[in-house]
Amino acid sequence: MKIISIINHKGGVGKTTITVNVGYALAEAGHRVLIVDLDPQANATLHFSDGSLTPTLYEMLNGEVQAHPTSHENLHLLPSNLELMKAELENRSNVNGYMRLRRVLDKVRGNYDYVLIDCPPSVGWYTQNALNSSDFVLVPVEPSLMSTVGLELIDNLIAEAREFINPNLTLLGYVISNYQGFVVQKHFIQQVKEQYDKPLFDTIIRRYKVVTEATAMQESVLTYQADSNSAEDFKNLANELIQKISIS
């Protein structure tokens, strides 16, 4: 079972969109996939339900784990809601509280091939729990020059998790999302490669209206419009993720 955290301290960079659609792509390819919604805003959960699923991840952090099936037989969900906010308040002053998610995932180890953790836009308790629980990290990033400011912060978070808790944690790379082909976006990609020497996925997630439409319909792009360029992007990203994990 390979556990991948999708992180970035910034909001609106495509974490949930990538988590949900790569999850679908992996499931369609025959892999058993679990999505963990570690964001109290519960956007990943709302792709699959009206938000009323129980038990939620908050309850699972304190007891038995019961993954919920989704519309795809190979894809399951650990859902969230605003109640998850209490988990941070209850555990952030407790050293063992930063291992809560790992204990949850240990209970389903062997049931899945891939676990994708959708993290909130923060560097706090939730993201640290995710990094302490994961084998790999994927970082969506918008192609904006302002985004370079946060690259070192993310690297430092990963380095701290390696040093103190999780020595085998591996950064798979940064994924360019919301790409529209502007000159400034192309410059950003070159800057990240050359000036900052950061590992980038070859796959770029392009910005298309169909992604917004699919989200509004509580669907994956792969089910909403399977022959779209966006669906192809997410399939390519899923394949590249598998390849990177296999050689890591």
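Just so you know, residue 1 is the first one in the sequence shown, and it goes up from there.
- Side chains of D118 and V20 form no contact here, defined as non-hydrogen atoms less than 4.5 Å apart.
- Atom OG1 of residue T127 and atom CG of residue L157 lie 7.0 Å apart, to the nearest 0.5 angstrom.
- Of all heavy-atom pairs between Y126 and P120, the closest is CB-CG, 3.6 Å.
- Between P143 and F188, the shortest heavy-atom distance links the atoms CA-CD2, 3.2 Å.
- Rounding to the nearest 0.5 Å places CD1 of I242 at 10.0 Å from CG of L237.
- At least one donor-acceptor pair closer than 3.5 Å links the side chain of W125 to the backbone N or O of G97.
- For the side chain to side chain contact (heavy atoms under 4.5 Å, CB included) with L131, the qualifying choice from V123, N166, I117, I7 is I7, the only one to do so.
- The shortest distance between side-chain heavy atoms of I204 and I189 falls below 4.5 Å.
- Minimum heavy-atom separation, N8 to P140: ND2-O, 2.8 Å.
- Contact between D37 and L84 at its shortest, heavy atoms only, is O-CD2, 4.1 Å.
- We find the CE-CG distance between M85 and D39 to be 10.0 Å, quoted to the nearest 0.5 Å.
- Checking side-chain atoms of N178 against main-chain N and O of R207 turns up no donor-acceptor pair under 3.5 Å.
- The side-chain heavy atoms of M60 and P79, taken from C-beta on, include a pair separated by under 4.5 Å.
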> Can D106 and R109 be said to form a salt bridge (Lys or Arg N to Asp or Glu O under 4.0 Å), step by step?
Replying inline: CA-CA 5 Å; D106 280 345; R109 192 168 296 278; 3.3 Å; yes
>> side-chain contact (heavy atoms from CB on, under 4.5 Å) for T16 and H47? Distances and angles first, verdict last.
In response: CA-CA 9 Å; T16 300; H47 273 81; 4.1 Å; yes
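- Put simply, the side chain of N21 never gets that close to the backbone of S220: no donor and acceptor are under 3.5 Å apart.
- Summarising the geometry, atom OG belonging to S248 is positioned 12.5 Å from atom CD belonging to Q243; distances are rounded to the nearest 0.5 Å.
- Residues forming a ring-ring contact (aromatic ring centres under 6.0 Å, His included) with H31 (at least two apart in sequence, or on another chain): Y114.
- Residues Y174 and L169 fall within the same hydrophobic cluster, defined by Ile, Leu, Val, Met, Phe, Trp and Tyr side chains chained together at heavy-atom separations under 4.5 Å.
- Criterion: ILVMFWY side-chain heavy atoms under 4.5 Å apart, direct or through other members. Under it, L105 and L61 are part of a common hydrophobic cluster.
- In this structure a side-chain-to-backbone donor-acceptor pair under 3.5 Å is missing from Q225 to V210.
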> R100 and N62: side-chain contact (heavy atoms from CB on, under 4.5 Å), yes or no, with the steps?
Replying inline: CA-CA 8 Å; R100 287 277 186 181; N62 297 297; 3.7 Å; yes
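- Sorted by first and then second residue, the salt bridge (Lys or Arg N to Asp or Glu O under 4.0 Å) pairs involving residues 179-204 (not counting sequence neighbours) are E152-K198, D155-K198.
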>> For V33 and N74: C-alpha separation, side-chain torsions, deciding distance, then whether side-chain contact (heavy atoms from CB on, under 4.5 Å) applies.
In response: CA-CA 6 Å; V33 182; N74 286 339; 5.7 Å; no
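- By the ring-ring contact (aromatic ring centres under 6.0 Å, His included) test, Y112 is found to be paired with H76, residues two or more places apart in sequence or in another chain being considered.
- When the side chains of ILVMFWY residues are joined at heavy-atom separations under 4.5 Å, either directly or via intervening members, I245 and I3 end up in two distinct hydrophobic clusters.
- Checked by atom type and distance alone, the side chain of D233 pairs as donor or acceptor with a backbone atom of R206 at under 3.5 Å.
- The two residues A130 and C119 make their nearest non-hydrogen contact at CB-SG, 3.4 Å.
- In this structure, CG on L222 lies 10.0 Å from CG on L26, to the nearest 0.5 angstrom.
- In this structure, the side chains of N111 and M1 stay at 4.5 Å or more apart for every pair of heavy atoms.
- Between L78 and L34, the closest side-chain pair of non-hydrogen atoms falls below 4.5 Å.
- Clustering ILVMFWY residues whenever any of their side-chain heavy atoms sit less than 4.5 angstrom apart, transitively, puts V141 in the very cluster that holds F182.
- The side-chain heavy atoms of V221 and F234, taken from C-beta on, include a pair separated by under 4.5 Å.
- Without hydrogens or angle criteria, T170 side chain to L172 main chain gives no donor-acceptor distance under 3.5 Å.
- Residues forming a salt bridge (charged side-chain N to carboxylate O under 4.0 Å, His left out) with K86 (at least two apart in sequence, or on another chain): E83.
- Shortest non-hydrogen contact noted between P55 and Q66 is CD-OE1, 3.7 Å.
- For the pair K244 and F201, the cation-pi criterion (under 6.0 Å, within 45° of the ring axis) is fulfilled.
- Under the 3.5 Å distance criterion, the side-chain polar atoms of T56 are left unmatched by any main-chain donor or acceptor of S80.
- With 3.5 Å as the limit, one finds a donor-acceptor pair spanning the side chains of Y58 and E90.
- Partners of S49 under the side-chain contact (heavy atoms from CB on, under 4.5 Å) rule, at least two apart in sequence or in another chain, are T45, L53.
- For the pair K235 (side chain) and A29 (backbone), a donor-acceptor distance under 3.5 Å is absent.
- Between the T70 side chain and the F48 main chain, no donor and acceptor come within less than 3.5 Å of each other.
- Cluster annotation: V137 and Y196 are assigned to the same hydrophobic cluster (Ile/Leu/Val/Met/Phe/Trp/Tyr, side-chain heavy-atom contacts under 4.5 Å, transitive).
- The backbone N or O of R92 lies less than 3.5 Å from a partner atom in the side chain of Y98, making a donor-acceptor pair.
- The side-chain hydrogen bond (donor to acceptor under 3.5 Å, both in side chains) test applied to E64 returns no partner, not counting sequence neighbours.
- Taken to the nearest 0.5 Å, the CD1 atom of I18 stands 11.0 Å off from the CG atom of L116.
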> Could you walk me through whether E142 and S177 pass the side-chain contact (heavy atoms from CB on, under 4.5 Å) check?
Replying inline: CA-CA 5 Å; E142 282 193 312; S177 62; 4.2 Å; yes
